[in-house]
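What you see is a predicted model, and the numbers here were worked out from it, not measured in a lab. Each chain gets a letter, A, B and so on, in the order the sequences are listed, and its residues count up from 1.
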Amino acid sequence: MIESIKNFSSDFFVTGDPLIYGADVSIVLVMVAIIFVLTYFKKWKWLWSEWLTTVDHKKIGIMYLIASLLMLFRGGVDAILMRTQLAFPNMDFLPSDKYNEIFTTHGTIMILFMAMPLMFALFNMVVPLQIGARDVAYPFLNAVSFWTFFFGAMLFNLSFVIGGSPDAGWLSYAPLSETQFSEGPGQNYYIWGIQISGIGSLASGINFLVTILKMRAPGMKLMKMPMFSWSVLSSCIIIIFAFPILTVTLGLLFIDRYFGANFFTLAGGGNPMYYVNLIWMWGHPEVYLVVLPAFGVFSEVVATFSKKKIFGYKSMVFALLSISLLSFFTWVHHFFTMADYKVDAFFAITTMAIAIPTGVKVFNWMFTMFRGRIQMKPPMLWTIAFIPTFLVGGATGVMLAVAPADFQYHNSYFLIAHFHQVLIGGVVFGFFSGIYYWWPKIFGFSLNEKLGLWAFWLWNIGFYVTFMPQYALGFMGMPRRVSTYGWDMGWAPLNFISTIGAFLMGAGFIFQVWQIVYSIKHRNKEGAADPWDGRTLEWSIPSPPPEYNFAIIPKVSEQDDWWYKKQKGLTKVKEDYKPIHMPKNSGIPFIMGGFWFITGFGLTFEWTWMGIIGLIGVATSIVVRHLDNDTDYYIPVDEIERTEARIGGTR
Amino acid sequence: MTTEKHTEHHSSFQSYVTGFLFSIVLTIIPLVLVLNDMLENPLLLVIILLAACFQFVIQIYYFMHLRENKNRGYIVLALIVGIIIVVTVVGGSAWVMNF
Amino acid sequence: MSQSTAGKIDHHNEEEHHDTSSIKIFGFWIFLISDLILFSVLFATYVVLRTRYSGGPTGAELFEVPIFVAETFILLTSSFTSGLATLGLQQGKVKTVINWLIVTVVLGIAFVGLEVTEFITLVEEGATISTSAFLSAFYVLVGTHGLHVSAGIIWMISTIFQLSRYGITEETNRKTQVVSLYWHFLDVVWIFIFTVVYLLGVM
C-alpha cells in the first residue's frame, strides 16, 4: 500500500531537480503567505465580493494585468535560464530534456498567457471608457473569459511541479507531440491549458466586437471612433475567425492521443504535416491579433503627446482592417520548406503584401509627430523606441518571406531574432506604452517617472544586446532549439553577449516592479483624471472611474471629442442624473472556471471520471445561469449624486 | 420600441413552408442524381455542392430571420468574411496538402 | 417614491438600454459564424484525409443510404418545427411555442438516436476511430455535429421549462429565438455533412 502511494507520487510529482524543488517550496510558501495575509486582515469576504465575483470590466482588466505580469515573470525566468545555458559552449547548467521543456513553456507562456492577457487587460481597462459605455456588451461573459483564461494558465503552469512540462516546442508539432513520442501528461497539459483559456479568448473576441459595434456613445460614428478601439475591433475580427481553428487543431491532437485516432500519426494514413498546416492557420493570425492593439496604443500615444490629431485617420483604419483580413492568407510562410513551389510563390507574395499596410501605419505615426509639440513622457518614449525596432523586425520579416532564401534562414537563430524583434519591439513595447499611458486612469495615481526611465533604457539596450547578435548567429548556422554547442563552432562570443542582454532586460523588469511598488507606496494622485491632456473620452471622467464609468453618457460630435470639448470650453455637463442599469456580480464564472480546471486536470492525467465530473460541473453552471433571470439592478439617483460628489466627477 | 418589435418579426407561416419545401426539393435532387448515377463526375460534384449552398442561403433567408434583423448589415458582412475564411481553410488546406 | 422611480426606469430603458435583446442575438450570430469556422476546419480535415483508408473500409462500403437519408429529413423537419415555435412567439401563444419545441426535441432525440446506432453498427463491423485517418475524420466531423445537437436538446428542454414557468417575457422570448437560431444553424451544417461526407462517400 505505502509502496504504491510512493510509486504514484514519484510519478505524479516532478522529482529529482533542485530547480523544481525550489519551485515547490516557493509555491507552498507563497500559498501559505497569501492564506495567512487574507485571514489575518480578514480579507476573504472582500476578495470574494470585490474581485472573484466581479463583472466590472475595470476590475477584470486589473486582474488580467496582474496575471499577465506574473506570467511575464515566469516566461522571463525561462528565458534567462535558457540564455544562461547557452552563455558558454558545452555548458552543463540545464540537461537537454529540461532545456526542451523550458523553451516550450517559454514560448507558450509568452504568447498565450502573457501577451494575450496583457492585451485583454488593455481591452478591458480602456475600450468601454473610450467609447463612452458603462460596461462591455456581456459583463457576465467577460468574467467567464477571465476565469477560463486564469484557470487554463494555472493548469499549464502546474505542469512544472506535477506530472512534467510539455517539451515538444511552443506549437507542439506532430508527430513529436503524439503519444508515441511524448507519453505522459506534459503534452496533455499543453492541450488543456490552451483549450480552456482559448474558450475565454474567443468569448472576449465576440464580447468586444459587439461592444464596439453596438455600445458606442450617441454621436460616435464608426469613423469618429478612437484609433485604439479600431485596433481592438480588427483584433477581435481575427480572434473570432482564428480561434476556432486552434480549438479544432488541439482537439484533434487530443483525440489522437486519447482515443487513438490517426489524424497526425505516422501510421494509419494520418499526416503529421497536416498538423503544421492547421496550427499555422491559427498561429499566423494570432501574432497579428496581438500586435494590432499595440498599433492602436501607438496611435493614441503619438496623437496625445504630439498634441496633434492622428495623421491619415482613414488610411489607418483601412490598414488595420486589411491587415486583419490579409493575416489569414499567409500561414504557409512558416513552412515554405514543406509545401509545393507554386504554393510557396503565392504565400511569399501575400506575406510581402502585408508589409504595405504596416508601412502605411509607420509613416502615419511619423507624420503625426512631424511638426508636433512632442512631450517625451514614458508612454511616448516606448513608442519612439518601437518605431526603429519594428522597422528592422519588419525588414527581416520581408527577408524571411522570400521563399528560396527562407530555405537558408529556416529554423536558424535569424528567425529567432526576427520574431523576438517584432514581438518584443511591437507587442511588448506597445503594451508597456499602453500600461504607462492608462495607468493613472485605472488606478488613480501616476507611476514614478525616474524609475520608469531606468526600466526603459535597460529594456531597450538589453533588447538590442540580446537580439542583434542572434541575427549573426543565424547566418553563422546556429539552429534554434539546441541546448548546447561546441567551441569549434565559433558561436561563443556572440552567445555570451546575447546572454548579457537577457540579464539587462531582466533588470529592466525588476525596475518596473520596483516602480509599481514605489508608486503604490507614494501615491501621487495629482491630476490623475487627465494627466496627459488627453484627447479621448476616457480622460473626461474621474480616475479611477466609478463602477458605472459615466454618470451621464456623453454626446459625441467630433473625432478626439474630449480634446475638442476642452478647446471649445464645452466640458461642463448638466447634472441631470437618471438611474443606471448595471449587471449584478456573480460567482458562477469563478466556479465554472474551477470546474474547467478539474476537467482539464482529469483529462490531462487521462482520469476520465474526473473529466466527466468537471464537465458536469461546467454544464450545471451554464444551466444555472440560463435559468437565472435576476441578473441586473439599478443604481438610484441619490447614490449617483453621492458618488459623483465624493470623486469630483462631472466637471 | 413597439414599432421596432413589429418590424423585427414579420415572418409568416407561409415563408416557413416555402423554405421547408425548397429545402426538401434541394435535398432530393442531389440524392436522386447521386443514387442513380445520372451525371458524370465534375458536373455532378458541382451540382450537389451548389444544391447545398442554395440550401444554406434558404435556411438563412426563410428560417433565420436575417432579413428582419436590425443588425443584418453587420451580420451579412461577418457572414461574407466568414465564408471567405471557410473557403480559405478548406480550399487552402486541400491545395497546400496536395504535394 | 418607488412609483416615480419605476416611471423613470421605463423611460430610461428606452433611451439608454441599447436594446439588450437585439445585442444578445447579434452576439449569438457572431458566435455561430465562429462555430461555422470550427466546422470548416473539420470539413477541411475530412477533405484532406478522405482517401486515406489505410487498408480499412471505404465510405461506399460503410454508409447506408436509408439511415443517412432518414437523418437528413428528420433534422430538416426539426428545423422547420423550431421555426414554427418562433412563429408562435410572435403571436404570443405560449402553448404553441412549447408544443413545437417539444416536437423539435423529439425529432432531435430521434436524430441523435439514429446516429448513435449508426456509429455502434460501424464499430461492430470493425470500423473504429483508430482504423484509418479517413474514419478518424469521419467520426470526429459527424460526432462533433452530434454533440452540438445533443447540447441543443438540453438547451431546448431548459428553455421549454422556462417558457412553461414564466410564459413569454422579454427574456424567454430572446432565449427561444436564440436556441432556434442555433437549431437552424445545426441543420445548415448537416446539409454539408450530408453532401460532402455521405453523398460524395457513396458516389
Portion of A/L278 that has a non-hydrogen atom of chain C nearer than 4.5 angstrom | side chain
Is chain C contacted by the side chain of A/L209, its backbone, both, or neither, given a heavy-atom distance below 4.5 Å?
-> side chain
Applying side-chain hydrogen bond (donor to acceptor under 3.5 Å, both in side chains) between A/H57 and each of A/N142, A/T211, A/N549, report the one that passes.
-> A/N549
Could you grab the distance from atom CE of A/M281 to atom OG of C/S40, nearest 0.5 Å is fine?
-> 8.0 Å
Heavy-atom side-chain contact between A/V232 and A/C236 under 4.5 Å | yes
More than 12 foreign heavy atoms under 6.0 Å from NZ of C/K93: is that the case here?
-> no
So which part of A/Y274 gets closer than 4.5 Å to some heavy atom of chain C, the side chain, the backbone, both or neither?
-> side chain
Side chains of A/Y288 and A/S234: do they bring a donor and an acceptor to under 3.5 Å?
-> no
Pair C/F28 + C/F31: ring centers closer than 6.0 Å | yes
Which residue out of C/D35, C/V48, C/I33 racks up the most heavy-atom pairs below 4.5 Å with chain A?
-> C/V48
Ring pair (Phe, Tyr, Trp, His ring centres under 6.0 Å) between C/H148 and C/F185, intermediate numbers included = CA-CA 10 Å; C/H148 271 74; C/F185 166 76; 7.2 Å; no
Does any heavy atom of chain C fall under 4.5 Å from the side chain of A/L202, the backbone, both, or neither of them?
-> side chain
Top contributor to chain A interface from C/G55, C/A137, C/A151 [non-hydrogen pairs under 4.5 Å] = C/A137
Side chain from CB out, backbone as N, CA, C, O: work out which of these in C/K24 comes under 4.5 Å of a heavy atom of chain A, or both, or neither.
-> both
Look up atom CD in C/E64 and atom CG in C/L122, then write down how far apart they are to the nearest 0.5 Å.
-> 8.0 Å
Give every residue pair that meets the side-chain hydrogen bond (donor to acceptor under 3.5 Å, both in side chains) criterion with at least one member in residues 136-145 of chain C, sequence neighbours excluded.
-> none
Sort C/I129 into side chain, backbone, both or neither according to what part of it lies under 4.5 angstrom from a heavy atom of chain A.
-> both
Quick one: what part of A/F241 sits under 4.5 Å from any heavy atom of chain C, side chain, backbone, both or neither?
-> both
Interface check, chain A: of C/L38, C/T131, C/T45, most non-hydrogen pairs under 4.5 Å belong to C/T45
Contact part of A/I240 toward chain C, heavy-atom cut-off under 4.5 Å: side chain, backbone, both or neither?
-> both
Go through A/Y577 and A/Y548 one step at a time and tell me if the ring pair (Phe, Tyr, Trp, His ring centres under 6.0 Å) criterion holds.
-> CA-CA 12 Å; A/Y577 300 130; A/Y548 47 77; 8.2 Å; no
Contact origin within C/Y166 toward chain A - heavy atom pairs under 4.5 Å = side chain
Chain C interface, residue from A/L627, A/N262, A/D256 that has the most non-hydrogen pairs under 4.5 Å | A/N262
Bottom line for A/L252: the part with an atom under 4.5 Å from chain C's heavy atoms is side chain
Report the option among A/V623, A/N277, A/N271 that has the most heavy-atom pairs separated by less than 4.5 Å from atoms of chain C.
-> A/N271
